There are 4 protein chains.
Amino acid sequence: MASRGINKVILIGNLGSDPEVRYTQNNTAIANISIATSETWKDKQTGETREQTEWHRCVAYRRLAEIIGEYLKKGSKVYVEGRLQTRKWQGQDGVERYTTEIIINDLQMLDSRPSAGQSGGYAGQSSGGGYAGQQNQGFGGGGDAPRPATQQATPVAQNFQQPTSQPEPFIPDQDFDDDIPF
Amino acid sequence: MASRGINKVILIGNLGSDPEVRYTQNNTAIANISIATSETWKDKQTGETREQTEWHRCVAYRRLAEIIGEYLKKGSKVYVEGRLQTRKWQGQDGVERYTTEIIINDLQMLDSRPSAGQSGGYAGQSSGGGYAGQQNQGFGGGGDAPRPATQQATPVAQNFQQPTSQPEPFIPDQDFDDDIPF
Amino acid sequence: MASRGINKVILIGNLGSDPEVRYTQNNTAIANISIATSETWKDKQTGETREQTEWHRCVAYRRLAEIIGEYLKKGSKVYVEGRLQTRKWQGQDGVERYTTEIIINDLQMLDSRPSAGQSGGYAGQSSGGGYAGQQNQGFGGGGDAPRPATQQATPVAQNFQQPTSQPEPFIPDQDFDDDIPF
Amino acid sequence: MASRGINKVILIGNLGSDPEVRYTQNNTAIANISIATSETWKDKQTGETREQTEWHRCVAYRRLAEIIGEYLKKGSKVYVEGRLQTRKWQGQDGVERYTTEIIINDLQMLDSRPSAGQSGGYAGQSSGGGYAGQQNQGFGGGGDAPRPATQQATPVAQNFQQPTSQPEPFIPDQDFDDDIPF
DNA sequence: TTTT
DNA sequence: TTTT
C-alpha cells in the first residue's frame with residue numbers, strides 16, 4: 001500500500017457520553033465516541049479565566065469498536081490516535097453538509113482507577129494479527145508499576161561507524177495472538 | 001495558559017491552491033490553505049490501484065499567515081502541526097453548518113528545490129515574542145529556542161540518581177529575535 | 001528562528017522515581033525525570049505473556065521544571081512532548097559516552113485522582129508569556145468534566161471558495177498570564 | 001498485543017550517509033540509517049546565525065529495511081515515525097554502553113524530485129501481512145487500509161445522538177496485497 | 001554524516 | 001483543488 005502524505009491526529013480527552021456501537025449487515029462493529037479536549041487560560045485584559053472546549057467526533061471499527069463499547073463510558077479519559085476524514089452527506093432538508101471525523105487507529109484508556117469493567121489497557125486496530133508493537137505504542141490506563149530507573153544510571157558511549165562485536169539483535173516477533181486487547 | 005487534553009494534528013501534504021491571505025480590521029493576517037493527503041492501495045479483489053485523497057482546511061494567524069502567503073503556493077509540499085477546531089456558522093440559506101479546521105501552530109516547507117521566493121524553511125506561530133521552544137520542536141520560524149553549537153559538548157551527569165560534579169548545563173536562551181522566519 | 005527538520009517525541013508513561021530538581025548558578029531550575037513505557041504481548045510460540053519496559057530520561061527547564069518538582073512524584077502518570085537530544089560526556093573512567101534525552105516542551109499530568117499537591121493540570125514551557133494555546137494542546141489531568149456532545153449532532157456544509165457572510169473570526173489572544181500552570 | 005504507555009517519535013530530516021543493510025542468520029533484513037534534524041537561529045547577543053544539528057540513529061526491520069536499502073541514500077529527506085528503544089551493549093574495551101535508537105514503524109520519502117530508483121513513496125513496517133492501518137496513517141508501504149474513492153461520498157448519520165436511517169458505511173478492507181511498498 |  |  002502506498003501513500004503520499006501524513007494524516008495524523010492525537011487526542012487526549014474525555015468521552016462526552018457513552019459510546020454508541022452498532023453493527024453493519026455483515027456484523028462488523030462500528031463505534032462512535034465524542035471526545036472533549038479543553039483549554040483554559042487567563043484573559044490578560046479581564047483577568048478572567050476562560051475555557052474553550054473542543055469536541056471531536058471519533059469512529060472505530062471492528063475489534064476496536066467492540067472494545068470501546070465494552071470498556072469505555074461517559075467521562076472515560078482516553079488517548080486516541082487516528083486520521084482525519086471528512087464525509088459529505090445530505091440532511092433531511094436536502095442540504096449538503098460535511099462532517100469531519102477521526103478514524104481511530106489506536107486507543108488507550110487513561111483512567112488510573114478503572115471500574116469493574118474497565119481494567120485499563122490498550123486497544124489497537126490490528127485485527128490482521130500482525131505485530132502491533134511498533135504501531136501500538138500505547139498502553140495502559142490501569143495501574144502501571146513504575147520500575148527503578150536503573151538503566152539511565154549508566155549512560156554510554158556508542159560507536160556508529162565501526163560497531164564492535166554485538167550479538168544478534170532482538171527483533172520483535174510478529175506472530176502473536178491479537179485477540180486480547182489487554 | 002492551562003489546558004485539559006491534547007488536541008494535535010500532524011499533516012504532510014500538498015496545497016491544492018494558492019494560499020488565501022486576508023486581514024482583520026486590526027490588521028492581523030489570516031491565511032487559509034487547503035492541504036491534500038492521499039493514500040493509494042491495490043484493491044485485492046480487482047487488482048486495481050485505488051486512490052483516496054483527503055482535504056484539510058487549515059488556518060494560520062499573524063506572522064505565520066504572512067509567511068504562508070509569501071512562500072507557499074499551489075502544489076507546495078508542507079509539514080503542518082496544529083490543533084482541531086470546529087466552527088459553527090450560518091450560510092446564506094440560513095442553515096447552520098459546522099466546519100472543522102486545523103489551526104496551524106507549526107509549518108515547514110518540504111519542497112527540496114524551492115523556487116526563487118521559496119527558500120525553504122520553517123515558520124512557527126509565535127508572533128507574541130514569547131518563548132516558542134515548546135511548539136517549534138526541531139525548528140521554528142517564529143521563535144524556537146536557540147541552542148549554541150557547544151551544547152552537545154556540554155558534559156553531563158554521569159549517574160542519574162546521584163549526579164556527580166558537572167559543569168553548568170546549557171539552557172536555551174529565550175530572548176532572541178523573532179522576526180526572521182528562516 | 002529557523003529550522004530544517006522535525007524532532008518530536010510523545011510519551012505517556014509513569015515516573016520511575018521522584019523528580020530530581022536542581023538549579024543552575026543563575027537560579028534556573030532543571031528537572032530530570034525517568035519515564036517508563038511498557039508493552040506486553042503474548043508470545044505466540046510459548047503462549048506466555050511477555051513485557052518489555054522502556055525507560056526514557058527526560059529533562060525540563062525553568063518554570064516547567066519547577067512544576068515537575070512540585071506536582072509529580074514516583075508513579076505519576078504523565079503525557080510528555082519534547083525533542084530528542086544526545087549529549088556526549090566523559091565518565092570518571094575517561095571513556096566517552098553518549099546519553100539520549102527528551103527535552104520536555106509540554107507535560108500533562110494524567111492521574112485522574114490527584115493527591116493534595118497534585119491538582120492535575122498542564123504545564124507548557126512558555127515562560128515568555130506568549131500565547132500557549134497553539135502549542136499547549138494540553139489539558140488536564142484532573143477532573144475533566146465531559147459536556148454533552150451537542151455539537152456534532154448537526155454536522156455541516158462549508159464553502160471554502162466563496163465564504164458567505166461570516167463574522168470576524170476569533171483569534172486567540174496572545175497576551176495572557178502564563179505563570180499559573182493550571 | 002497490549003501495552004501501557006505511548007512511545008512515539010516523529011522525525012523529518014536527511015540521511016547523513018547511505019543506509020546500512022544487513023541480514024540476520026534467518027535472513028531478516030535490518031537497516032540502519034542516521035537522520036539529521038537541525039535548527040538554526042539568530043543569536044540575539046552576537047547577531048550571528050547559529051546552527052545545531054541533532055543526529056538520530058534509526059533502525060528498521062524486514063520489508064521496510066529492504067525498501068530503505070533500495071530507495072534511500074545519503075542526503076535523502078525522510079519522514080520517520082517510530083519508537084524509542086535503548087539497548088545495552090559492551091564495547092571491545094569491556095565497558096558497558098547504552099545506545100538509544102528509533103525503531104522505525106513508518107517511513108515516507110520526501111524528496112520531491114526522486115531519482116530513477118527513488119520513485120517517492122511510503123513504507124510501513126507490516127511485513128507480517130497484518131492490518132497496518134493503525135500505524136500507517138494516511139499512507140502505508142506495508143499495508144494500510146484500502147479506502148475506495150467512493151468513501152467520501154458515503155452518506156452519514158445526520159444526528160449523532162439519534163442516528164436516522166443511513167446506508168451501510170464503508171469500512172476499509174483488511175485483506176490486500178502487502179508486498180508492494182508504493 | 002545530512003540539509004539549507 | 002494537490003501530489004505521484
Side-chain angles (χ1 to χ4, degrees), chain A residues 1-7 86 159-162, chain B residues 11-20 32-41 49-58 71-78 80 108-114 118-122 138-139 141 152 180-182, chain C residues 1-7 86 159-162, chain D residues 11-20 32-41 49-58 71-78 80 108-114 118-122 138-139 141 152 180-182:
Chain A
M1 188 280 176
S3 172
R4 298 191 173 281
I6 295 292
N7 175 357
T86 298
N159 195 320
F160 191 25
Q161 280 69 32
Q162 39 183 152
Chain B
L11 303 177
I12 295 180
N14 299 278
L15 271 68
S17 56
D18 287 341
E20 296 173 10
N32 284 283
I33 56 176
S34 184
I35 296 177
T37 58
S38 58
E39 304 179 35
T40 58
W41 69 94
T49 294
R50 309 291 299 268
E51 178 165 3
Q52 168 89 3
T53 295
E54 196 65 36
W55 287 97
H56 308 90
R57 179 177 169 87
C58 303
Y71 297 103
L72 298 185
K73 60 175 191 294
K74 180 176 176 178
S76 295
K77 178 179 282 187
V78 292
V80 155
Q108 179 165 346
M109 306 175 215
L110 296 175
D111 296 302
S112 51
R113 281 295 151 223
Q118 205 172 13
S119 67
Y122 165 86
F139 55 112
Q152 282 183 324
I180 305 171
F182 48 83
Chain C
M1 187 279 176
S3 171
R4 300 192 173 279
I6 295 291
N7 175 358
T86 298
N159 195 321
F160 191 26
Q161 279 69 31
Q162 39 183 147
Chain D
L11 302 176
I12 295 181
N14 299 278
L15 271 69
S17 56
D18 287 341
E20 297 172 10
N32 284 283
I33 56 176
S34 183
I35 296 177
T37 58
S38 58
E39 303 180 37
T40 59
W41 69 95
T49 294
R50 310 290 300 270
E51 177 164 4
Q52 168 89 3
T53 295
E54 194 66 35
W55 288 97
H56 307 89
R57 180 178 169 85
C58 304
Y71 296 103
L72 298 185
K73 61 176 190 292
K74 180 177 176 177
S76 296
K77 179 180 283 189
V78 292
V80 154
Q108 178 165 345
M109 307 174 215
L110 296 176
D111 297 301
S112 52
R113 281 296 149 222
Q118 206 171 16
S119 65
Y122 166 85
F139 55 112
Q152 282 183 324
I180 306 172
F182 50 82

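Source: prediction; values computed, not measured. Just the heavy atoms: all of them, side chains too, but no hydrogens, waters or symmetry mates, feed the values below. Within every chain, numbering begins at 1; the chains are lettered A, B, ... in the order of the sequence lines, protein sequences first and strands thereafter.
- The D:Ser34 side chain lies nearest to E:dT1 when the options are F:dT3, E:dT1, E:dT3.
- Listed nucleotides E:dT1, E:dT3, F:dT2 differ in distance to D:Lys74; the shortest reach to its side chain belongs to E:dT1.
- Residues D:Leu110 and D:Val78 approach most closely at CD1-C, 3.8 Å, considering heavy atoms.
- Here CD of B:Glu54 is found 6.0 Å from CG of A:Asn7. Values are rounded to the nearest 0.5 Å.
- With rounding to whole Å, D:Ile33 atom CD1 is found 15 Å from E:dT2 atom P.
- Rounded to whole Å, atom P of E:dT2 lies 11 Å from atom CG of D:Leu15.
- Atom CG of D:Leu11 and atom P of E:dT2 are 18 Å apart (whole Å).
- As a whole-Å value, the separation of B:Lys73 NZ from F:dT1 P is 20 Å.
- A stacking contact links D:Trp55 to E:dT1: the aromatic ring centre lies within less than 5.5 Å of the base's six-membered ring centre, and the planes differ by less than 30°.
- D:Glu54 has its CD atom 18 Å from the P atom of E:dT3, to the nearest Å.
- Looking only at distances, no side-chain donor or acceptor of B:Asp18 sits under 3.5 Å from a matching main-chain atom of B:Lys73.
- In this structure, C:Asn7 places its CG atom 14 Å from C1' of E:dT2, rounding to the nearest Å.
- Comparing F:dT1, F:dT2, E:dT2 against the side chain of B:Ser17 picks out F:dT1 as the nearest.
- Nearest heavy atom pair, residue B:Met109 against residue D:Lys77, reads O-NZ, 4.5 Å.
- Distance NZ (B:Lys77) to C1' (F:dT1): 17 Å, rounded to an integer number of Å.
- For the pair D:Ile35 CD1 and E:dT1 C1', the computed distance is 12 Å after rounding to whole Å.
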